[in-house]
Amino acid sequence: MSHSAFFTRMGARQRKLGVAVLLAAFMSVSSAVAQQAAPIQSYDVELLIFRNLGGRETPESWGIEATDSGQQMDIPDDESEPATAPTTAAPPVASYPALPAAKMKLTAIEETLRRSRAYQPLAHIGWTQPGYARNAAKYLSVSSLVPASSGLQGQIALSRGRYLHLTLDLVLDGAATGDGSSYVLRQTRRMRSNERHYIDSPKFGVIAIITPSTE
């Protein structure tokens with residue numbers, strides 16, 4: 001083989017290798033752009049908050065999944081990670097569009113509670129929000145959602161990692177309880193979408209349902 005033919009073939013191989021490298025780089029950039037451009041799934045979040053006036057009914061009698069109480073408030077990123085104490089830097093506060101009454105799924109339970117002597121509905125609220133990751137989660141101020149007469153204060157956050165997590169940091173003040181005492185419901189719970197969950201404290205509780213939004 002002549003020197004000129006050898007160098008010609010080497011040049012062709014180098015050009016092919018260069019084209020392959022450029023194609024690989026292009027595919028990598030395209031994949032990254034596609035991931036960044038992928039929309040975040042939004043969720044319809046609905047909460048029914050109520051006082052427990054001493055009734056003996058259980059969540060199971062309402063067809064609702066009960067959750068254990070006592071977990072400290074945090075926003076876990078992954079169920080396999082241990083719970084961590086809340087950081088001093090709170091996530092930013094956000095506002096989201098209200099959930100239309102026609103999309104509310106807990107209305108029948110609210111009416112049942114109103115007829116009961118054991119429970120008193122305090123607020124029935126709902127909104128639509130993106131399922132942010134833990135490091136991008138935003139708190140929603142309760143005072144912006146409930147009437148002042150409810151006596152409820154605090155904040156709520158929804159985050160999505162491997163699972164959905166609902167974080168509640170709620171206070172029912174003494175003016176609304178009738179006994180002058182304030183009560184706290186501070187828990188984080190793993191949620192399954194499209195299922196009703198019951199989160200309680202001795203004096204008040206929350207029934208929650210989170211549904212992937214179709215809009």
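- The CZ atom of R196 lies 11.0 Å from the OG1 atom of T211; values are rounded to the nearest 0.5 Å.
- For the residue pair G174 and S182, the shortest heavy atom distance occurs at N-OG, 3.1 Å.
- In this structure the side chain of D200 never reaches within 4.5 angstrom of the side chain of N52, judged on heavy atoms.
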Before you tell me yes or no, could you show the steps for L145 and Y96 under side-chain contact (heavy atoms from CB on, under 4.5 Å), namely the whole-Å CA-CA distance, both residues' side-chain angles and the distance that decides it to 0.1 Å? CA-CA 10 Å; L145 301 171; Y96 301 112; over 6 Å; no
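- Closest heavy-atom contact between A123 and V146: CB-CG1, 3.5 Å.
- The hydrophobic clustering, which links ILVMFWY residues whose side-chain heavy atoms are closer than 4.5 Å, places V184 and I49 apart.
- Scanning for side chain to side chain contact (heavy atoms under 4.5 Å, CB included) contacts around S95 gives an empty result, with sequence neighbours left out.
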Q | L168/Q187 under side-chain contact (heavy atoms from CB on, under 4.5 Å): CA gap, chis, key distance, verdict | A | CA-CA 5 Å; L168 304 174; Q187 298 178 34; 5.5 Å; no
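- Residues L158 and Y43 come closest through the heavy atom pair CD2-CB, 4.1 Å.
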- Item | Working for side-chain contact (heavy atoms from CB on, under 4.5 Å), residues Y139 and T167 | CA-CA 9 Å; Y139 274 113; T167 297; 3.7 Å; yes
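- Counting only heavy atoms from C-beta outward, the side chains of L185 and L172 never approach each other to under 4.5 Å.
- Between I125 and M104 the shortest heavy-atom distance is C-CE, 3.9 Å.
- Looking at every heavy atom in both residues, L152 comes nearest to V142 through CB-CG1, 4.1 Å.
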Stepwise, does the side-chain contact (heavy atoms from CB on, under 4.5 Å) test hold for L166 with L47?
CA-CA 11 Å; L166 182 67; L47 305 181; 4.0 Å; yes
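- Between the side chains of D44 and T128, at least one donor N or O sits under 3.5 Å from an acceptor N or O.
- At least one side-chain heavy atom of L164 sits less than 4.5 Å from a side-chain heavy atom of S193.
- Between E46 and T107, the closest heavy-atom pair is OE2-N, 4.4 Å.
- Between F50 and Y198, the ring planes lie parallel to each other; the angle is under 30°, not in the 30° to 60° tilted range.
- L99 and I207 fall into different hydrophobic clusters, where Ile, Leu, Val, Met, Phe, Trp and Tyr side chains are chained together by heavy-atom contacts under 4.5 Å.
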